[in-house]
Protein chains: 2
Amino acid sequence: MNPASDTRERILHTARELFHARSYADVGIKEICDSAQVQKGSFYHFFPSKRELAMAVIDDMAEDWAHGFIAEAFDRDLPPLERLDYMIDAAYYWQKAAKDLEGRMPGCLFGNLALEISTRDEVLRAKLNAVFAKASSQFEETLDEAIEQGLIAPLDCAATAQAMLAYLEGMILLAKTRNDPEVIRELGPAIKTLRIGGAAEN
Amino acid sequence: MNPASDTRERILHTARELFHARSYADVGIKEICDSAQVQKGSFYHFFPSKRELAMAVIDDMAEDWAHGFIAEAFDRDLPPLERLDYMIDAAYYWQKAAKDLEGRMPGCLFGNLALEISTRDEVLRAKLNAVFAKASSQFEETLDEAIEQGLIAPLDCAATAQAMLAYLEGMILLAKTRNDPEVIRELGPAIKTLRIGGAAEN
DNA sequence: ATCATAGTAGACCAGTCGGTCAAGTCAAGG
DNA sequence: CCTTGACTTGACCGACTGGTCTACTATGAT
C-alpha cells in the first residue's frame, strides 16, 4: 500500500531543501510544487497548510539527524571528547559540501527557522526548542561521561551543554554570514574550552 | 531645512522595529507605511526599494550601536574583563525589556537578518558581515588589553574574539528560541572561558 | 461489475506583494 | 507673483500569495 506513491516524500524533501537554502517566507507553495513536480491539489491533499508542512519538515529533518550524524558523532563507543571533534568536523564538511555545490552556505535549518519564525508562531517555536533541547542533551551526556572518566574537571553539565550548543549555532551563523565554512574549522575546537560551574571562575 | 519633515526617520524607525520584531520578508511596505503614517509615494521618494530600506536600517542600527551600548560596554576606561560582563548584562536587559514589553524575545536584528537574507542578497550579506567584523574587533581590542595587563594568559586574540561573538549570537539565538532571556544570564559568563591559541589545549 | 476511496489535475479565488505614476501641496528664492 | 523642486497623496499595476474547488483517474475490495 505504501510504494503506491512517493508524492508526499517528494514534497517534503523538496520543501526541506528550499527552506534550508533560502527561507520559509521566501519559498512559496507554487515553487515547491513545481520543483517537486506535484500539483497544488496533491500538495493540499497531504498537507493542510504551509505551516503544517513546516512542522513536517522540522520533524523529518530532526529524525534524519537523530538517526544520521547525531547518532554517529555522539556514538557512545567514541571517547567523549572525540565526539565533540567529530561533530565539529561533520558540521564543517556538511556546510563546505553545500557551499561547493550551490555557492552559498545554508547554515543550520533549525537555527534559520528559529530566528525567522519563532516570534510569529508559538507552536513552531516550541518544536524548534524541543529539537535544541534534544541536541543539548547529547552534549550533556557526553560531558557526563567525560567527567566520569576523569577526562575533564567537574562542571555543570546541563549548562555547559547548552553553552556548547549555543556556540555551535553561533559559529554557523557567523560562517554563513561570511559565507565561509572555514570559520567552523577555525573556531570549532574552542568548543571544548567552554565551561560553566565546577572550578570557580571569576 | 532639516526639521521640515521627519518622514524619512519615521519610516526608518518603524521599519527597524518591525523587522526586528518579526522578519524582513514578513513585513510589507504597506504595513511599514501604515504604521509610520506615511503614504506609499512618500516611502518611494526616500527609498528606491525595500532592499535599500533594509540597507538603511542596518546602517542606522549599526550606528546607534556604535555610539550607544557598544561605546559604553567597550569603554576603554573599564577593566577589560568587566567590559565582557557589561556586554552580557546589556544584552540580557535589552532582551528582557523587549520581552516584558511585547511578550517575545526579538533577538539580535543583525543575526536575524543574516540568517534570513544572507543566502539571497550578496550586498546585504556583506554589509551584515562588516557589522560583525566591527563587533569582533571590539572583542579583540579588549582581549589585547587584558593580555597586556596580565589579566589572562596569552592567546590568539583575533580568533578568540570571533569565538566570543559567535557565542554571543548563539546564546541569543537559543534564548530567542526558548523565548527566555534568562538563558543569556545563565550562559553569558562562560564567554570568558572561551580561548583559542596560546596555551596548547588538546 | 460496482463502488469507495486515495490521489491527481489545474482552473480559480480574494487578497497582498513591491513598485509606479500623475496630480497635487507648499515653502523658499528670485 | 511666479517658478522651482522637495515632498505628499492615493489610485493603480501586474505578478504572485496561500488556499479552495470540482472534476477526474487509478486501485483494490466486494
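Throughout, a chain's letter reflects where its sequence line sits, starting with A, and its residues are numbered from 1. Model, not experiment: these values are computed from the prediction.
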Checklist entry - Can you list the residues that meet the ring-ring contact (aromatic ring centres under 6.0 Å, His included) rule with Phe69(A), with sequence neighbours excluded? => result Trp65(A)
Next on the checklist: For a quick test of reading the model, state the closest non-hydrogen atom pair linking Tyr92(A) to Pro181(A) and the distance between them.
Outcome noted: CD1-O, 3.4 Å
Checklist outcome for this item: Whole-Å distance, Glu52(A) CD to dG18(D) P, equals 15 Å
Checklist entry - Can you check the Phe46(A) CZ to dA9(C) P distance for me, whole Å? => result 11 Å
Next on the checklist: When you measure from the side-chain N and O atoms of His45(B) to the phosphate of dT8(D), is any distance below 4.0 Å, counting only OP1 and OP2?
Outcome noted: no
Item to check | Annotated protein contacts, base or backbone, on nucleotides 10-28 of chain C with a non-hydrogen cut-off under 4.0 Å, one of B, S, - each | outcome: B-------BBBB-------
Next on the checklist: So, using side-chain hydrogen bond (donor to acceptor under 3.5 Å, both in side chains) as the criterion, who are the partners of Glu17(B) when residues are at least two apart?
Outcome noted: none
Next on the checklist: In whole Å, I'd like the distance from the CD atom of Glu9(A) to the P atom of dA6(C).
Outcome noted: 19 Å
Next on the checklist: Taking ring-ring contact (aromatic ring centres under 6.0 Å, His included) as the definition, give me every residue that meets it alongside Phe132(B), ordered by chain and number, with sequence neighbours left out.
Outcome noted: none
Item to check | For Glu116(B), side-chain hydrogen bond (donor to acceptor under 3.5 Å, both in side chains) partners two or more places apart | outcome: none
Checklist entry - In whole Å, what is the span from the CG atom of Asp6(A) to the P atom of dG7(C)? => result 12 Å
Item to check | Partner residues of Asp100(A) under the side-chain hydrogen bond (donor to acceptor under 3.5 Å, both in side chains) criterion, sequence neighbours left out | outcome: Lys96(A)
Checklist entry - To the nearest angstrom, how far is Phe47(A) atom CZ from dG18(D) atom C1'? => result 15 Å
